[in-house]
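First the structure, in the form of structure tokens, and then the observations on it.
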There are 2 protein chains.
Amino acid sequence: MTKEYSIGQMSRRTGVKVTTIRYYESRGLIPSPGRTQGGQRRYDEAALERLAFLRHARELGFNLDDIAELMALAETPSEDCAPAYEIARKQLAAVDRRMTILAQLREELARMANADDPGHAGKCRVIEVLGDHRLCIGSHDLSDSRADLSGS
Amino acid sequence: MTKEYSIGQMSRRTGVKVTTIRYYESRGLIPSPGRTQGGQRRYDEAALERLAFLRHARELGFNLDDIAELMALAETPSEDCAPAYEIARKQLAAVDRRMTILAQLREELARMANADDPGHAGKCRVIEVLGDHRLCIGSHDLSDSRADLSGS
DNA sequence: CTTGAACCTACAGCCGCTGTAGATTGTATC
DNA sequence: GATACAATCTACAGCGGCTGTAGGTTCAAG
Ligand SMILES: [Zn+2]
Ligand SMILES: [Zn+2]
Ligand SMILES: [Zn+2]
Ligand SMILES: [Zn+2]
């Protein structure tokens, strides 16, 4: 008789919120676990490991589709791990792209926010720069990069 | 008689998609423009400038709430531009946070993806690392940072 | 006057969750 | 066994910032 975990215990052990665990199940990322007679989920050790894997992959920025593929690869250990490497490299490339963009933004923002506004003779530097891209140094043409820059 | 622009011309001139312009209007970020007898939107020069401002601010990663505030400040030029600077600095701090996190991720991913898998004696490095955070160097505890890391 | 591109509204869907409401179940204590 | 109360259940709406669809109307060129 192996150990069984309630969904709350799974949550505490992996750091994934209860609602999120149910969400993952509904998305098919983790298999539906067994249930008690009353209908509550009961997980085993294997389920715990899968969830930890999923959590870790999310922390590293993989999206749920890629994670599904990685988990499938993990379950079916093949001789060929090329697909897994490809996903990882794709993720690395995405992170690199976003870092490049963010670095440019940072520079612009720093120039904007740290300019010692000289008595703001009629104009505020921040507002001014936002109103006229020619006051920027670089270009932030994120049309193709699909960068998600939502802040705080 | 000033120039008038259709929504499509606004789109071409600012690079903001037609649907997005309508979305901004529905969110109250830009005022409802005049209409033709047939009901089509007609914008003036001022509207064009507001939209360009909005676009530029989005490119720099500001969220729509902050942009609304910045635009209000821009319309009502006060002696005190401190609020605008505060928003810009907040944005800068957010960008810095995200850069830090991404740099850590990048390192981990690079280690994972560039490891020359030595014949993968039973295990794939990528899968292995994802399954065990202890194989990581740093920590990626993004619990509070609200980092959005969606890739590609 | 006809064509066809551009425009209109309204609403659903994307990602990855998060939060709500209202009902039910599990467990510790008496 | 009864009682209390936390934990769990389902179903669904909402977040940000759009994007896409369907089905209709209007504008401007030829
Ligand atoms: Zn000023
Ligand atoms: Zn700029
Ligand atoms: Zn391998
Ligand atoms: Zn790790």
Side-chain angles (χ1 to χ4, degrees), chain A residues 4-30 32-43 51 54-69 91 94 98 142-152, chain B residues 4-30 32-43 51 54-69 91 94 98 142-152:
Chain A
E4 291 205 326
Y5 305 106
S6 71
I7 197 168
Q9 286 170 323
M10 290 285 278
S11 174
R12 260 164 269 130
R13 280 174 162 266
T14 61
V16 179
K17 291 193 180 162
V18 168
T19 42
T20 306
I21 297 173
R22 285 197 280 254
Y23 170 72
Y24 287 157
E25 184 184 332
S26 81
R27 298 277 83 186
L29 280 153
I30 52 176
S32 307
R35 302 272 187 149
T36 63
Q37 268 140 344
Q40 301 197 354
R41 292 168 179 80
R42 286 300 116 102
Y43 298 90
L51 187 56
L54 173 39
R55 166 99 206 280
H56 196 205
R58 278 299 294 144
E59 282 178 348
L60 287 166
F62 292 91
N63 68 32
L64 295 183
D65 279 354
D66 284 346
I67 292 174
E69 204 171 329
Q91 182 62 20
R98 318 188 90 230
L142 35 77
S143 47
D144 53 328
S145 69
R146 281 297 93 229
D148 188 346
L149 307 161
S150 54
S152 63
Chain B
E4 290 206 326
Y5 306 106
S6 72
I7 197 168
Q9 286 170 323
M10 290 285 277
S11 174
R12 259 164 271 132
R13 279 173 163 267
T14 60
V16 180
K17 291 193 179 164
V18 168
T19 41
T20 307
I21 297 174
R22 284 197 280 253
Y23 170 71
Y24 287 158
E25 184 184 332
S26 81
R27 299 275 83 186
L29 280 154
I30 53 177
S32 307
R35 302 273 185 147
T36 63
Q37 268 140 344
Q40 302 197 356
R41 291 168 178 81
R42 286 300 114 101
Y43 298 90
L51 186 56
L54 173 39
R55 166 98 206 279
H56 196 205
R58 280 298 295 142
E59 282 178 348
L60 287 165
F62 292 91
N63 68 31
L64 295 183
D65 280 354
D66 284 346
I67 292 174
E69 205 171 330
Q91 182 62 20
R98 318 188 88 230
L142 35 78
S143 47
D144 53 329
S145 68
R146 278 297 91 230
D148 187 345
L149 307 161
S150 55
S152 64

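Residue numbering restarts at 1 for every chain, and letters A, B, ... go by the order of the sequence lines. Only this structure's heavy atoms are used, side chains among them; waters, hydrogens and symmetry mates stay out.
Between the side chain of A:Gln91 and the backbone N or O of A:Gly61, at least one donor-acceptor pair lies under 3.5 Å. Remark: side-chain polar atoms of A:Thr14 are paired, donor with acceptor, to backbone N or O of A:Met10 under 3.5 angstrom. In this structure a side-chain-to-backbone donor-acceptor pair under 3.5 Å is missing from B:Arg22 to B:Ser26.
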Worksheet item: side chain to side chain contact (heavy atoms under 4.5 Å, CB included) between B:Leu29 and B:Tyr23: does it pass, once the steps are laid out?
Response: CA-CA 9 Å; B:Leu29 280 154; B:Tyr23 170 71; 5.7 Å; no

Discussion item. Test side chain to side chain contact (heavy atoms under 4.5 Å, CB included) on A:Leu64 and A:Tyr24; report intermediate values, then the result.
Written reply: CA-CA 9 Å; A:Leu64 295 183; A:Tyr24 287 157; 3.9 Å; yes

Fill in: Test side chain to side chain contact (heavy atoms under 4.5 Å, CB included) applied to A:Arg42 and A:Arg35, step by step
CA-CA 5 Å; A:Arg42 286 300 116 102; A:Arg35 302 272 187 149; over 6 Å; no

Item to complete: Could you give me the CA-CA distance, side-chain angles and deciding distance for B:Glu4 and B:Gln9, then say whether side chain to side chain contact (heavy atoms under 4.5 Å, CB included) is met?
Response: CA-CA 9 Å; B:Glu4 290 206 326; B:Gln9 286 170 323; over 6 Å; no

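For the OP1/OP2 pair of D:dC18 and a distance below 4.0 Å, the side-chain nitrogens and oxygens of B:Tyr24 include at least one atom meeting the criterion. Distances shorter than 4.0 Å separate some side-chain N or O of B:Thr20 from OP1 or OP2 on D:dT19. For A:Thr19 and C:dG19, the shortest distance from a side-chain N or O to OP1 or OP2 is not below 4.0 Å.
Atoms CZ (A:Arg27) and P (C:dG13) sit 12 Å apart, rounded to a whole Å. Taking atom CG on A:Asp65 and atom P on C:dC14, their separation rounds to 11 Å, with Å as the unit. Distance CD1 (B:Ile30) to P (D:dC18): 12 Å, rounded to an integer number of Å. For the pair A:Asp66 CG and C:dG16 C1', the computed distance is 14 Å after rounding to whole Å. Atoms CE (A:Met10) and P (D:dT8) sit 12 Å apart, rounded to a whole Å. At whole-Å resolution of the value, OH in A:Tyr23 and C1' in C:dT18 are 11 Å apart. In this structure, B:Arg55 places its CZ atom 10 Å from P of D:dC18, rounding to the nearest Å.
Each of A:Gln37 and A:Lys17 lies near DNA chain C, and the nucleotide nearest A:Lys17 is the one positioned closer to the 5' end.
Set against C:dT18, C:dG16, D:dG17, the side chain of A:Asn63 has C:dG16 as its closest nucleotide.
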Worksheet item: Which parts of nucleotides 4-12 of chain C does protein reach within less than 4.0 Å, heavy atoms only, written one letter per nucleotide 5' to 3' as B for base, S for sugar-phosphate only and - for none?
Response: ---SSB---

